[in-house]
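Only one structure is covered here, and it is reproduced in the block below.
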Amino acid sequence: MTIRKKIFSAIIATTLFGGVVNVASAYNHILLPTIYDSKINFISYQVQSTFDSSTKTQISEAITTWNNILPEGFLYKSSIETSATTPSENNINTITKYAYGAQSINAEHIPYTNSKGLIDESDIKVNSSKKWSSTVKVGYLDIKSTMTHEFGHALRVGHSSTYADTMYDYSTEGTDYKRTLTSDDEDAANDSYVRW
């Protein structure tokens, strides 16, 4: 039996018989504690209209990267764009720009929870103070790598302590090799997915 099957079996058993899921695994990711409300079958993001077409394509490709390894698609880019310039708790999942400053974070996933403590909205802010590119460019951050990382957080996968993983907390300046998932990224996402 593979590690993934063992973990899945342990989670199913725990879910059926009650108790807290505390599964030891071979990967170095943490699973973030807050999960999605059972009424949420998928997340569709409205992207701020001021992102250029290349960035919007990279966002869609980052979503596809995660959906390809899950039992079913969960993340989507809406055909509706938003004119919002910052996230707000309004039941609309958005990807917007925000000027954090050049020395601050690259991007941030913001989950909003309901009265049951479960997530019912997922927003992402991208630091517009940084220089971004959709291709490898010295001195620029790779938008697809960063969005792939942030969508991992949307799936409730935390940071990894392994540098090779997409979910390692890193800078993507001048490289695009973090656009793809390692097997550990995939295992963590699937283990998180079965919780909701």
Side-chain angles (χ1 to χ4, degrees), residues 29-37 40 42-67 73-114 117-135 137 139-160 165-176 178-179 181 185 188-189 192 196:
H29 299 60
I30 59 165
L31 299 185
L32 299 173
T34 310
I35 58 176
Y36 288 92
D37 196 316
I40 295 181
F42 64 91
I43 301 172
S44 181
Y45 288 95
Q46 292 184 13
V47 177
Q48 189 174 339
S49 56
T50 57
F51 281 108
D52 63 34
S53 60
S54 178
T55 299
K56 292 172 187 173
T57 298
Q58 298 295 304
I59 289 169
S60 294
E61 290 177 4
I63 286 171
T64 300
T65 298
W66 286 108
N67 282 345
F74 185 72
L75 304 169
Y76 295 91
K77 179 182 161 292
S78 175
S79 58
I80 299 169
E81 294 186 345
T82 182
S83 58
T85 56
T86 189
S88 62
E89 192 170 2
N90 58 3
N91 293 316
I92 300 172
N93 307 303
T94 59
I95 300 172
T96 56
K97 301 174 187 177
Y98 184 80
Y100 287 99
Q103 301 305 313
S104 190
I105 62 173
N106 296 341
E108 171 181 32
H109 175 256
I110 304 161
Y112 295 97
T113 56
N114 59 30
L118 300 173
I119 297 172
D120 57 11
E121 184 181 337
S122 168
D123 293 333
I124 296 173
K125 290 197 291 190
V126 178
N127 187 350
S128 60
S129 302
K130 304 265 184 164
K131 295 191 292 186
W132 295 95
S133 179
S134 57
T135 60
K137 202 170 182 181
Y140 285 74
L141 294 166
D142 180 56
I143 189 66
K144 184 176 177 183
S145 294
T146 297
M147 291 309 299
T148 302
H149 180 93
E150 295 307 320
F151 287 130
H153 290 320
L155 292 169
R156 308 316 293 147
V157 177
H159 289 142
S160 166
D165 294 331
T166 293
M167 294 311 297
Y168 183 81
D169 194 15
Y170 63 95
S171 172
T172 61
E173 187 176 317
T175 183
D176 66 357
K178 299 265 186 172
R179 292 178 171 201
L181 305 175
D185 291 320
S192 182
W196 22 278

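Because only heavy atoms are used, hydrogens play no part in the values below, and waters and symmetry mates are left out as well, while side chains stay in.
- Between the side chain of Thr57 and the backbone N or O of Ser53, at least one donor-acceptor pair lies under 3.5 Å.
- Residues Thr96 and Pro87 share a closest heavy-atom pair of OG1-CD, 3.4 Å.
- Using a 4.5 Å heavy-atom cutoff, the side chains of Tyr45 and Ser122 are in contact.
- Smallest separation of non-hydrogen atoms from Trp132 and Asp142: CZ3-O, 4.0 Å.
- Side-chain atoms of Asn127 come within 3.5 Å of backbone atoms of Tyr100 as a donor-acceptor pair (strictly under, hydrogens ignored).
- Here the straight-line distance linking atom CD1 of Ile92 with atom CD of Glu121 works out to 7.5 Å at 0.5 Å rounding.
- For the atom pair Leu141 CG and Ser134 OG, the distance stands at 12.5 Å (nearest 0.5 Å).
- Side-chain atoms of Lys137 never come within 3.5 Å of backbone atoms of Lys131 as a donor-acceptor pair (strictly under, hydrogens ignored).
- You'll find the side chain of Thr148 reaches within 4.5 Å of the side chain of Leu181, heavy atoms only.
- The minimum heavy-atom distance linking Ile63 with Lys77 is given by the pair CD1-N, 3.6 Å.
- The two residues Ala154 and Leu75 have their closest heavy-atom pair at CB-CD2, 4.4 Å.
- None of Asp123, Ile119, Ile35, Asp120 except one satisfies the side chain to side chain contact (heavy atoms under 4.5 Å, CB included) rule with Pro111; the exception is Ile119.
- To the nearest 0.5 Å, atom CD of residue Glu150 and atom CE of residue Met167 are 7.0 Å apart.
- Note: Lys144 NZ to Thr166 OG1 = 10.0 Å, rounded to the nearest 0.5 Å.
- Remark: Glu89 pairs with no residue by the salt bridge (charged side-chain N to carboxylate O under 4.0 Å, His left out) rule, at least two apart or across chains.
- Taking the six-membered ring for Trp and the full ring otherwise, Trp196 and Phe74 have centroids separated by under 6.0 Å.
- Looking at Ser192, its side chain does come within 3.5 Å of a backbone N or O of Leu155 through a donor-acceptor pair.
- If you take OG1 on Thr94 and CD on Gln46, they are separated by 8.0 Å, rounding to the nearest 0.5 Å.
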Inset, instruction - For the pair Ile95 and Met147, evaluate side-chain contact (heavy atoms from CB on, under 4.5 Å) and give the outcome as yes or no after the intermediate values. - result: CA-CA 10 Å; Ile95 300 172; Met147 291 309 299; 3.9 Å; yes
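- The heavy-atom pair separating Ala189 from Trp66 by the smallest distance is CB-CZ3, 3.4 Å.
- In this structure, the side chain of His29 does not engage the main chain of Ser160 through any donor-acceptor pair within 3.5 Å.
- Between the side chain of Asn93 and the backbone N or O of Ile43 there is no donor-acceptor pair closer than 3.5 Å.
- The backbone N or O of Lys97 lies less than 3.5 Å from a partner atom in the side chain of Gln48, making a donor-acceptor pair.
- For Thr82 (side chain) and Ala84 (main-chain N/O), a donor-acceptor pair under 3.5 Å exists by modelled atom type.
- Between the side chain of Asp37 and the backbone N or O of Ile40, no donor-acceptor pair lies under 3.5 Å.
- Taking all atoms of both residues into account, the shortest heavy-atom contact from Lys130 to Ile105 is CE-O, 3.6 Å.
- Two residues are said to be in side-chain contact when any heavy atoms from C-beta on lie closer than 4.5 Å; Ile143 and Val126 meet this criterion.
- Atom OG1 of residue Thr113 and atom CG of residue Leu118 lie 8.5 Å apart, to the nearest 0.5 angstrom.
- Side-chain atoms of Ser129 come within 3.5 Å of backbone N or O of Gly101 as a donor-acceptor pair.
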Inset, instruction - Please test Ser88 against Asn90 for side chain to side chain donor-acceptor pair (under 3.5 Å), starting from the C-alpha separation and ending with a verdict. - result: CA-CA 6 Å; Ser88 62; Asn90 58 3; 3.2 Å; yes
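- Scanning for salt bridge (charged side-chain N to carboxylate O under 4.0 Å, His left out) contacts around Lys125 gives an empty result, with sequence neighbours left out.
- Looking only at atom types and distance, the side chain of Tyr140 has no donor-acceptor partner in the side chain of Thr135 under 3.5 Å away.
- In this structure, Tyr98 places its OH atom where only 12 or fewer heavy-atom neighbours from other residues, nucleotides or ligands lie under 6.0 Å away.
- Under the rule for a side-chain hydrogen bond (donor to acceptor under 3.5 Å, both in side chains), Ser104 has no partner lying at least two apart in sequence or in another chain.
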